[in-house]
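The structure appears right after this line, and notes come after that.
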Amino acid sequence: MDIAKTYLPKQAEDKWYKYWLEHNFFRSVPDEREPYTIVIPPPNVTGVLHMGHMLNNTIQDVLIRRARMKGKNACWVPGTDHASIATEAKVVAMLKERGINKKDLSRDEFLAYALEWKDKYGGIILEQLKKLGASCDWERTKFTMDEDMSESVIDYFVHLHKKGWIYRGVRMVNWDPQGKTAVSDEEVIRKEVNQKLYYIKYEVVSTNVQKETNHVANPTEYLTIATTRPETIMADAAICINPNDERYTHLHGRQVYIPLINRMIPVILDEYVTMDFGTGCLKVTPAHDLNDYELGQKHKLQIIDILNDDATLNEKAQILIGEDRFIARKKIAVLLEEAGALDKMEDYTSQIGFSERTNAAIEPKLSMQWFCKMKELAGPALDYVLNGEVKLIPEKFINTYRHWMENVRDWNISRQLWWGQQIPAYYLPNGEFVVAKTKEEALVEAQAIDPKFTLSDLTQEEDVLDTWFSSGLWPISVFDGVRNPDNAEINYYYPTNDLVTAPEILFFWVARMIMSGYELRGQKPFNNVYLTGIVRDKLGRKMSKSLGNSPDPLDLIDQYGADGVRVGMLLCSPAGNDLMFDEKYCKQGSGFANKIWNAFKLIKGWQVDPNLVSNNQVAINWFESRFNQALIDIESDFAQYRLSEALMATYKLVWDDFCAWYLEMIKPVYQQGVEKQSIDEPTYRATIAFFENILKVLHPFMPFLTEELWHDELFGQREDLDCCIVAQLPTNGKVNTQLKTELEVIQQIITQVRNIRSSKGLSPNMALPLAVKVTSKIDYEKKYWPIIKQLGNISQLTEVNGAVNGANNFIIGTDEFFITLNLNVDVAAEIERFEKEEDYLIGFLRSVQAKLSNERFIANAKSEIVENELKKKADAEARLEMVRANLRGLRDE
RNA sequence: GGGAGUUUAGCUCAGCUGGUUCAGAGCAUCUGCCUUACAAGCAGAGGGUCACUGGUUCGAACCCAGUAACUCCCA
C-alpha cells in the first residue's frame, strides 16, 4: 500500500462520520453508567453556521468525546430554537416576494407558510455541525416548537400564572415598528447616530391681566426647547424646566401653545431637567419616551400616543396623519420653519436603539404586555451561582451575573407575533381573562366566574411568548421533564454537566434556565457554565456580515480539514476572553495533523527482525514516564477548563517528545535497498502502543485523523466496534523523575553537540568523539550511550579525569564535556564565552549571597526556600570553579 | 453618568499561595540545512523597563493606592 505523503482529510471525514452514525456511537440511552450530559445552545432554526458556532461546538464536542472516552454515558442533545422575531421577519419577507401580504392571511395560514419555510431552510445549521464532527445524539434533535416542547412551554406559563407571577400591564416597551412587536432591552442594540437637534419656539400663553393692560406694549413671549424628535411635539403633555433655573422663573405656573396645532400645555417644574443641556426647557412626551413617561406619571400628565404600530402618525397627531415618523420629522421641520417656530438646527450625535432582529430604529411605545415577575425567580437563581453550585467559568462573570440579578426587572414575555407559542390566556366578554392549558380547561375556569359562559365566549390572546421563554426550559424540556417530571430520562440526565455558551446571553438564557430549573425541579440545570469569548478578526473587530470579515466555516473545513479547524479554534481560545481569530491557526492545526500522519508513515515503514536485540529500553522508559506526566497535566487542564492549554500540552507531547525526541532515539538507521527498515520487537511493540495511546489522547481534538489511523493494520485486526471514538483513555502510570532529570541533561548534551557542529559548519553526518569528566551520578557510558550516539552522532564516548587539551568543551550541571575536532580552537572566542559565563555566575552568586547574608531573609523565609538558596550557592560555586579552570587553561595556551 | 474587565516578546496567550538570574509557550522573525517520516520539515539563534507612578515586604509580573489606554455591560 502506498501511503499518501500528506494527510488528506476529505475522505476520512465523510467515511468516519458515517461510520460513527451507522454504529450508533453518538446514541445515548440511560443505563447504569454515570451520565455526562450537554445540551446544545439551540441556534436559530433559520441560522447558518458562523465562527461563534464553530468555537462553541468544537468545545462541546471535545468535552463530550472526552467524557465518552472516560467511560461516561455521554449525551449531547442537539436542536434549534424557533427565533420568533427573526424567523417571522424572514417568512414575511418571503411572502412579500410571492406577492402575499401577511395581513391578508389568517393565523393558521401564516403558520402553515412558516412551517413550510422552516422545513425547507431550517436545520441547515445542524447539517453543518456534522461537518465539524459534532457527535450529537441526533435522534434526540429537538426544536422549541415541537409539539411536546410547546406543551411544556404552555404548562410552565400556566404554572407561573397560578403562582401569581404572571400579569398584564401597560408598559413602555421597545417597539420594533418593522417587526411590529415589542423586543426586550437585551435585543436592542445601541448605536451612535448623527442627528439634528431642533430648537423649537413655543408661544407662552399670556395671562388675562397682561392681555388687557399691556396688550400692545407686551410682545408675544416664547420659550425655546431643543429636541431630536420634532415630529412628536403633537404628543407633548408639558414643558418641564428646572425649578432652580433662574432664567425661567417667570415661566412658573404658565402655559404654552404647541406650535402648528396650538394645543395648550402647562409648564411644570422638576429637577430632573439638566439646565445646561439644550435650552434648559424640556418637552415632555410621555407616550414616546421612557423618561418622559416616568415624568408624566409623576406629574399626572395626559398621555397622547400619536403613532401607529408601524410608526406612522395617527389622527391624534392632527397633522401629517399617515406619514412615517422619519418623513414626518423632515416635513414638520419645514412646517415649523414656515410658521416661524423653528429657531435653529444643530448637529448632534446620540445613542439610538435598533432592533437586533430587523435593524429598525426602536420606538418607545406604551402597550399592554404580559410580564413575568422576576424577583422571586431571581433570588434562588442568584444563590446557585454565589454558593458555587453552578460554576461560571471563568469566575469573573459572577460579578456581572450578580449585578444583573440584583437589579432585575420584570420580564416582558409577550411578542406581537404569530410564530411562537400563543399565550394560553382567554378573554371573556366582560373583559376578564382566564389562563388554562386548553380552551376547554379555560371554559371551566370561566364558568367558575359565570356558569353561562360557553366556548364561543372565549377569545385567546393573540400574542405569542418570547422565544427565551421556551429556550429557558431547554435542559428540562428536551428530556420531557416539564410534562413528565418523574420520567426516567430526566431523572438520569438532569442536572446536565456542562453548558457552553457566550457571555452575552448569560442573563436572558443562562439565568432563565437556572430559574426554571429551580422552579420546576428544585435543581440547577447544569454544574458548569463555560463562557466562550466573542470571535473577532485579527484586528479585534467583531465578526459580522456587514464587515464581511468572517470566513465561511465550511470553506475553512474544506481548506484545512475539520481537525485542523478544530485545533485552530482551540489554539486561540482562552476561556472567557475574546479570541482574535486568524486563519493561520487553522494552518497550524492542519500542519499538526500532517505531523501525526508522518509519524505514522515512519512507523509503518518498519518491520520486526526477531534477531535484533533492543537497546532502546531507556528511551522507552523515558517516553512512558513523559507520557504519564503529560496525562496528568492534560487532566489538570481539563479539570480547570483550560482547553487551549490541554491542547498545547498534547501538541508538545506529540511533536516534541514523541516525534522530535523519542522517534529519533529509536529510529532504525536507514538501510538502502530494503523495503522496510528492521527494528527489534520490544521497541516496535512499545512504539505502537505509545502511538495508539497518543491517538486516544488526541481524539477529542482531532477525531477524524485519529479514527482513520486507529483502523490501520499497524494496530492489528479491529472489531467493527473497536473504534477510537469509544476507546478508553489511558490511565496514567508512574512518572520517573530521576529519568526525567537525567534525560534533560542528555538533551542538553545533544543540543550542545549540535550547536558546536552548526557553529563550526560541520555536517551532521560527521560522527564526533565525545569525552566526559563526570562528577555527577549519571551513567553516561552504559545507560545513555545509545541515545547520545544516535541523536548526537557520536562516534565514541570516553570518560576522562582531567581537561582534554585542544578540545571544544561545555559544562552541563556539574559534568564537563569535550569534543576533539581536527580544527584549531578559537581561543579568543572560547575565552569570551567563558568570561561571559563567569560574569553571569558571579552576579548570580552575589544575588544569592545577598539574600543569605540578610538576617531578615533567614528569619522570615520558609526553611525550604533558605535551603534552596544554599544549594543554589553550592552549585554555582562548583560551576564557577570549573569555568575558571577552563579560563586558566585557555589563557595558558 | 454607574459598574466590571484588560494591559507580560512582532502576534495570541500562560505565569497557581509573592521566593531559583523568573521572565515562559505557540506562532511569526533571522541563520544554516532538499540529513530517506514530514520543507506543512529539521537544526540553531535573536527578541520583553511585565502599561505608568508610588507604596507594602528581606524579596513584587504577582499584594495595595493612584494615573493612562483599551474593551464590555447598564443608564
Side-chain angles (χ1 to χ4, degrees), chain A residues 3 5-7 185-186 190 274 290-291 351 394 396-404 407 409 503-504 506-507 533-534 536 538 540 542 560 564 571-574 576-582 584-585 587-606 636-637 640 642 644-645 647-649 651-652 655-656 659-660 663-664 667 669-672 674 677 750-759 761 763-766 793 840-848 850-862 864-866 868-869 871-873 875-876:
Chain A
I3 307 169
K5 198 170 175 185
T6 52
Y7 170 56
D185 290 346
E186 290 83 1
R190 286 169 196 287
T274 317
L290 182 58
N291 296 313
Q351 296 260 320
K396 67 176 179 183
F397 287 105
I398 294 174
N399 278 339
T400 331
Y401 181 83
R402 175 169 50 203
H403 188 255
W404 192 78
N407 298 289
R409 280 171 299 172
E504 62 252 46
L506 188 55
F507 312 130
I534 297 165
R536 298 173 179 279
K538 61 182 168 185
K542 230 174 174 168
Y560 301 103
L571 278 175
C572 59
S573 61
N577 282 338
D578 288 358
L579 58 105
M580 310 298 161
F581 180 78
D582 190 333
K584 74 178 188 190
Y585 292 110
K587 200 174 159 215
Q588 194 181 345
S590 65
F592 186 39
N594 193 48
K595 185 73 187 175
I596 298 159
W597 179 259
N598 275 289
F600 162 76
K601 249 178 73 184
L602 175 68
I603 299 169
K604 274 293 269 186
W606 298 339
S636 146
D637 287 336
Q640 297 169 79
R642 298 164 157 232
S644 50
E645 292 192 36
L647 172 60
M648 189 43 72
Y651 183 92
K652 286 196 266 194
W655 202 304
D656 299 343
C659 293
L663 288 180
E664 294 297 335
K667 180 161 104 175
V669 178
Y670 183 77
Q671 288 174 283
Q672 208 147 20
V674 181
Q677 304 301 316
I750 309 296
T751 301
Q752 288 287 4
V753 171
R754 284 171 177 168
N755 231 331
I756 287 173
R757 260 211 192 82
S758 149
S759 65
S763 158
N765 293 328
M766 187 173 142
N793 194 13
Y840 167 86
L841 285 167
I842 290 168
F844 180 80
L845 274 170
R846 193 178 296 136
S847 84
V848 173
K851 280 187 202 174
L852 288 171
S853 56
N854 184 332
E855 279 168 35
R856 297 214 276 184
F857 172 74
I858 303 292
N860 293 327
K862 277 178 275 181
E864 61 260 34
I865 285 162
V866 177
N868 196 20
E869 292 298 315
K871 184 174 183 298
K872 271 158 62 180
K873 187 183 170 202
D875 287 351

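Residue numbers begin at 1 in each chain, while the letters A, B, ... track the order of the sequences. The basis for the numbers below is simple: all heavy atoms, side chains too, and nothing from hydrogens, waters or symmetry mates.
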Min side-chain heavy-atom separation A:L506-A:F397 under 4.5 Å: yes
Between P of B:rG26 and CG of A:D582, the distance in whole Å: 18 Å
Spacing between A:Y401 atom OH and B:rC74 atom P, to the nearest angstrom: 16 Å
Min side-chain heavy-atom separation A:L571-A:M648 under 4.5 Å: yes
Along RNA chain B (nearest heavy atom to each residue), the more 5'-positioned of A:Q588 and A:I842: A:I842
Pair partner, B:rU71 [Watson-Crick or wobble, under 3.5 Å]: B:rA4
Whole-angstrom distance between B:rU57 and B:rA65, as gauged at atom C1': 16 Å
Base-pairing assignment for B:rA25 (Watson-Crick or G-U wobble, both under 3.5 Å): B:rU12
Nucleotide B:rG15, atom P - distance to CE of A:M648 in whole Å: 15 Å
Atom P, compared across B:rU7 and B:rG32: separation rounded to whole Å: 38 Å
Interatomic distance where CG belongs to A:L571 and P belongs to B:rC27 [whole Å]: 9 Å
Proximity to the side chain of A:E645 - top-ranked nucleotide from B:rA14, B:rU21, B:rA75: B:rA14
Whole-Å P distance, B:rU71 and B:rU12: 14 Å
Euclidean distance, atom CZ of residue A:F397 to atom C1' of B:rU6 [Å, nearest integer]: 12 Å
Proximal nucleotide (of B:rG5, B:rC27, B:rG26) relative to the A:N399 side chain: B:rG5
Neighbour count above 12 (heavy atom, 6.0 Å) for A:K601 NZ: yes
Same-atom distance (P) from B:rC34 to B:rC16, integer angstrom: 44 Å
Same-atom distance (C1') from B:rA45 to B:rA28, integer angstrom: 14 Å
Chi angles and distances behind the side chain to side chain contact (heavy atoms under 4.5 Å, CB included) call for A:K873, A:L852: CA-CA 9 Å; A:K873 187 183 170 202; A:L852 288 171; 3.8 Å; yes
Criterion side chain to side chain contact (heavy atoms under 4.5 Å, CB included) on A:V669 and A:Q677, from CA distance to verdict: CA-CA 8 Å; A:V669 178; A:Q677 304 301 316; over 6 Å; no
With sequence neighbours excluded, residues passing side-chain hydrogen bond (donor to acceptor under 3.5 Å, both in side chains) with A:K595: none
Donor-acceptor contact below 3.5 Å, side chain A:Q640 vs main chain A:S636: yes
Mutual orientation of the aromatic rings belonging to A:W404 and A:F507 [parallel < 30°, tilted 30-60°, perpendicular > 60°]: parallel
Watson-Crick or G-U wobble mate for B:rU36, both contacts under 3.5 Å: none
Syn/anti state of B:rU21 by chi, 90° boundary around 0: syn
C1'-based separation of B:rA37 from B:rC42 [nearest Å]: 12 Å
A:N594 side-chain N/O to A:Y7 backbone N/O, donor-acceptor pair under 3.5 Å: yes
Gap between atoms CZ and C1', on A:F581 and B:rC11 respectively (whole Å): 15 Å
Partner nucleotide, any strand, of B:rG47 [Watson-Crick/G-U, under 3.5 Å]: none
Euclidean distance for P, B:rU53 against B:rG44 (whole angstrom): 38 Å
Sugar-phosphate only, base, or nothing, as touched by A:K871 at under 4.0 Å among non-hydrogen atoms: nothing
OP1 or OP2 of B:rG44 under 4.0 Å from side-chain N/O of A:T751: yes
Between P of B:rA75 and CH2 of A:W404, the distance in whole Å: 11 Å
Base-pairing assignment for B:rA65 (Watson-Crick or G-U wobble, both under 3.5 Å): B:rU53
B:rG15 phosphate, OP1 or OP2, under 4.0 Å from A:R642 side-chain N/O: yes
Earlier contact from the 5' end, RNA chain B, for A:F844 and A:N755: A:F844
Sugar-phosphate, base or nothing in reach of A:Y651, heavy atoms under 4.0 Å: sugar-phosphate
Distance below 4.0 Å between A:Y585 side-chain N/O and B:rC11 OP1 or OP2: no
Sequence-aligned protein contact record of nucleotides 30-40 of chain B, with B where the base is within under 4.0 Å of a protein heavy atom and S where only the sugar-phosphate is: ------BBBSB
Plane angle bin for A:F592 and A:W655 - parallel if under 30°, tilted between 30 and 60°, otherwise perpendicular: parallel
Length of the CD-C1' vector between A:E869 and B:rG19, whole Å: 7 Å
Closest nucleotide among B:rA25, B:rC27, B:rG19 to the A:K652 side chain: B:rA25
C1'-based separation of B:rG1 from B:rG47 [nearest Å]: 44 Å
